[in-house]
Amino acid sequence: MQTLTPHVYWAQRHGEIYLRVELSDAKNLDICMQDNSLHFKARGHGAKGDNDYEFSLDLLEPVIPEVSHRSTQRLINITLRKQNECWWDRLTLQERKPLFLAPDFDRWLDESDAEMELHAKEEEKINKVSIESRVPKDPYLGLKKGYLFMYNLVQFLGFSWIFVNMTVRLFILGQDSFYDTFHTIADMMYFCQMVAVAEVINPLVGLVKTGVFPAMIQVVGRNVVLFVIFGSLEAMQNKAVVFFVFYLWSTIEIFRYPFYMLACIDTEWKLLTWVRYTIWIPLYPLGTLAEAVAVIQSMAIFDDNRMYSIPLPKALGLSISFSYTLKLYLALMFLGLFINFRHLFRQRRRRFRSRKWKMT
Ligand SMILES: CCCCCCCCCCCCC/C=C/C(=O)SCCNC(=O)CCNC(=O)[C@H](O)C(C)(C)COP(=O)(O)OP(=O)(O)OC[C@H]1O[C@@H](n2cnc3c(N)ncnc32)[C@H](O)[C@@H]1OP(=O)(O)O
């Protein structure tokens, strides 16, 4: 089998020499520097098919003997570092250029262009350093991220327990599971929703960069339904609507909290991000609808038992039923849905428009 030379393309900068060896599926690479000569040997598919290919180049000026190279399926890129930062008139010691060597026009720059590139890089480095030094580092960043990670983990575990429990019960008991959801799930839901108050506090104290108002709508909205409607009316507790409200709440949270957990460790899973910023589109209106059904069902009960009713002076009658407050709340619910739907839509657009999302 004959030994052949591959096509080699070269370009330079003040500090480096770049070589591109046109050899695909290269194996048994042997690239080294000896007495300022570069020796290359490999087996691969080049201009003459599958063969052993090799070449040597006596370089014009001294280079650092360590060679760095990276091979792809199509070619091998070799980078040499010049010992002195200067512009070379040519690559090789001998004046006549070897036949297999040609300029790499994809990377080729003349001396003045390379100088401009160097200046631009230096300027970029200086700008980066000055921006970094101007923005003060937060000494508590690790602590804040640790707290947020733990908070999200606790919520994720709580809502996963709720979701899995409800799903298993639905498979085993079928529709019967609808009617005792509250008695099996409520304690965990109470816990998760009480802890969720932190979701309003976190943006308030600047721990997360998001609006306080959307979080307040979400937390207050859910807690009214959980504590006031379901929690204080026993007659509501065995209604099927509890199942739908709890199931819709937990479905979004088993994606939202892991997404935040990953954000705390500066990681992103594209599929999870997509689900977090998409699944609310059907779930939020459905959740609000289920909550509205619960509010409407509770009105007649509040009318009967007069709980939370506002006492009136005798001349005006007995009291104003809490159901009037709930009617007002019902209107607020749809206003809240509109505000948060718009907020989430903006968050979604911001997220999917970002350069980072498009590049990864
Ligand atoms: C004044 C009170 C008025 C009361 C009125 C009452 C009426 C209310 C009626 C409303 C009825 C709705 C009831 C609810 C029903 C349901 O939930 S149904 C089920 C479906 N629900 C959903 O899909 C909503 C899910 N909830 C949310 O998405 C949030 O709670 C939200 C507040 C609505 C939006 O979240 P937000 O934080 O604003 O946006 P994000 O894009 O997720 O985050 C922004 C950035 O902040 C970071 N971040 C946020 N939280 C954390 C965290 N815990 N840990 C770490 N990081 C966090 C996040 O990573 C983002 O950062 P960047 O990536 O850098 O942008």
Side-chain angles (χ1 to χ4, degrees), residues 141 144-167 170 185 188-189 191-223 225-226 243-291 333-334 336-360:
L141 193 67
K144 287 177 183 174
K145 284 197 170 176
Y147 152 74
L148 280 176
F149 187 87
M150 286 314 291
Y151 166 75
N152 294 315
L153 179 66
V154 168
Q155 289 286 40
F156 171 62
L157 292 177
F159 278 106
S160 300
W161 184 90
I162 294 171
F163 183 82
V164 171
N165 203 313
M166 289 179 73
T167 307
L170 182 66
I185 304 294
M188 184 60 87
M189 192 57 97
F191 171 77
C192 290
Q193 279 306 128
M194 277 191 295
V195 177
V197 173
E199 227 132 289
V200 182
I201 299 167
N202 292 343
L204 256 180
V205 296
L207 275 177
V208 296
K209 279 186 255 114
T210 187
V212 178
F213 194 58
M216 189 131 73
I217 291 178
Q218 159 99 7
V219 174
V220 173
R222 280 191 188 178
N223 284 354
V225 172
L226 180 63
F243 174 89
F244 291 102
V245 170
F246 284 10
Y247 211 55
L248 288 163
W249 289 356
S250 56
T251 309
I252 179 78
E253 305 307 31
I254 57 172
F255 296 107
R256 189 162 70 103
Y257 288 113
F259 163 77
Y260 290 152
M261 276 157 67
L262 289 185
C264 294
I265 51 169
D266 299 318
T267 307
E268 182 172 6
W269 292 347
K270 263 187 134 181
L271 181 64
L272 183 64
T273 306
W274 184 84
V275 175
R276 186 270 173 270
Y277 283 105
T278 306
I279 203 171
W280 58 269
I281 298 171
L283 289 190
Y284 217 143
L286 283 175
T288 313
L289 188 70
E291 288 177 29
M333 266 180 87
F334 288 96
L337 168 73
F338 170 74
I339 294 171
N340 270 9
F341 212 84
R342 199 180 51 170
H343 172 73
L344 280 166
F345 186 73
R346 283 182 183 153
Q347 296 291 76
R348 183 177 201 274
R349 205 173 43 185
R350 183 179 65 102
R351 169 70 55 172
F352 293 153
R353 249 201 213 156
S354 75
R355 219 172 123 242
K356 208 173 125 202
W357 174 265
K358 282 180 186 156
M359 275 165 57
T360 50

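Between the side chains of Trp280 and Gln347, no donor-acceptor pair is found at a separation under 3.5 Å. A donor atom on one side chain and an acceptor atom on the other are found under 3.5 Å apart for Thr278 and Arg348. No side-chain donor from either of Ser160 and Tyr257 sits under 3.5 Å from a side-chain acceptor of the other.
Distance check, rounded to the nearest 0.5 Å: CD1 of Ile201 to OH of Tyr151 gives 9.5 Å. Put simply, OH on Tyr247 and CD1 on Ile162 are 12.0 Å apart, with the number rounded to the nearest 0.5 Å. With rounding to the nearest 0.5 angstrom, the CG atom of Asn152 is 12.5 Å from the NZ atom of Lys145. Going from atom CG of Leu286 over to atom OG1 of Thr251 covers 10.0 Å, rounded to the nearest 0.5 Å. The distance from the CE atom of Met166 to the CZ atom of Phe243 is 4.5 Å, given to the nearest 0.5 Å. Atom CG in Leu344 sits 12.5 Å away from atom CZ in Arg349 (nearest 0.5 Å).
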**Q.** Verdict with supporting geometry, Met261 and Leu153, side-chain contact (heavy atoms from CB on, under 4.5 Å)
**A.** CA-CA 7 Å; Met261 276 157 67; Leu153 179 66; 3.6 Å; yes

Q | Chi angles and distances behind the side-chain contact (heavy atoms from CB on, under 4.5 Å) call for Glu291, Met333 | A | CA-CA 9 Å; Glu291 288 177 29; Met333 266 180 87; 3.2 Å; yes

Q) So Phe191 and Val154, side-chain contact (heavy atoms from CB on, under 4.5 Å) or not? Walk me through it. A) CA-CA 10 Å; Phe191 171 77; Val154 168; 3.8 Å; yes

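A ring-centre distance under 6.0 Å is not found for Tyr260 and Phe149. The aromatic ring centroids of Phe246 and Phe163 lie 6.0 Å or more from each other.
The heavy-atom pair separating Leu148 from Cys264 by the smallest distance is CB-SG, 3.7 Å. When every heavy atom of Arg222 is checked against every heavy atom of Ile252, the shortest pair comes out as NH2-CG2, 3.9 Å. Pro282 and Pro285 get closest at one heavy-atom pair: O-CD, 3.4 Å. Nearest heavy atoms, Gly158 versus Cys192: CA-SG, 3.7 Å. Summarising the geometry of Ala290 relative to Leu248, their closest heavy-atom pair is CB-CD1, 4.1 Å, with the distance given to 0.1 Å. Closest approach of Gly336 and Ile217 over heavy atoms only: CA-CG2, 3.8 Å.
Looking at residues two or more places apart in sequence or on another chain, you find a salt bridge (Lys or Arg N to Asp or Glu O under 4.0 Å) between Glu199 and Arg256. Every side chain to side chain contact (heavy atoms under 4.5 Å, CB included) that Leu337 has, sequence neighbours left out, goes to Tyr284, Thr288, Phe334, Phe341.
Among pairs with a residue in residues 200-210, those fulfilling side chain to side chain donor-acceptor pair (under 3.5 Å) read Tyr147-Asn202, at least two apart in sequence or across chains.
Side-chain contact between Met189 and Leu226 is present, with at least one heavy-atom pair separated by less than 4.5 Å.
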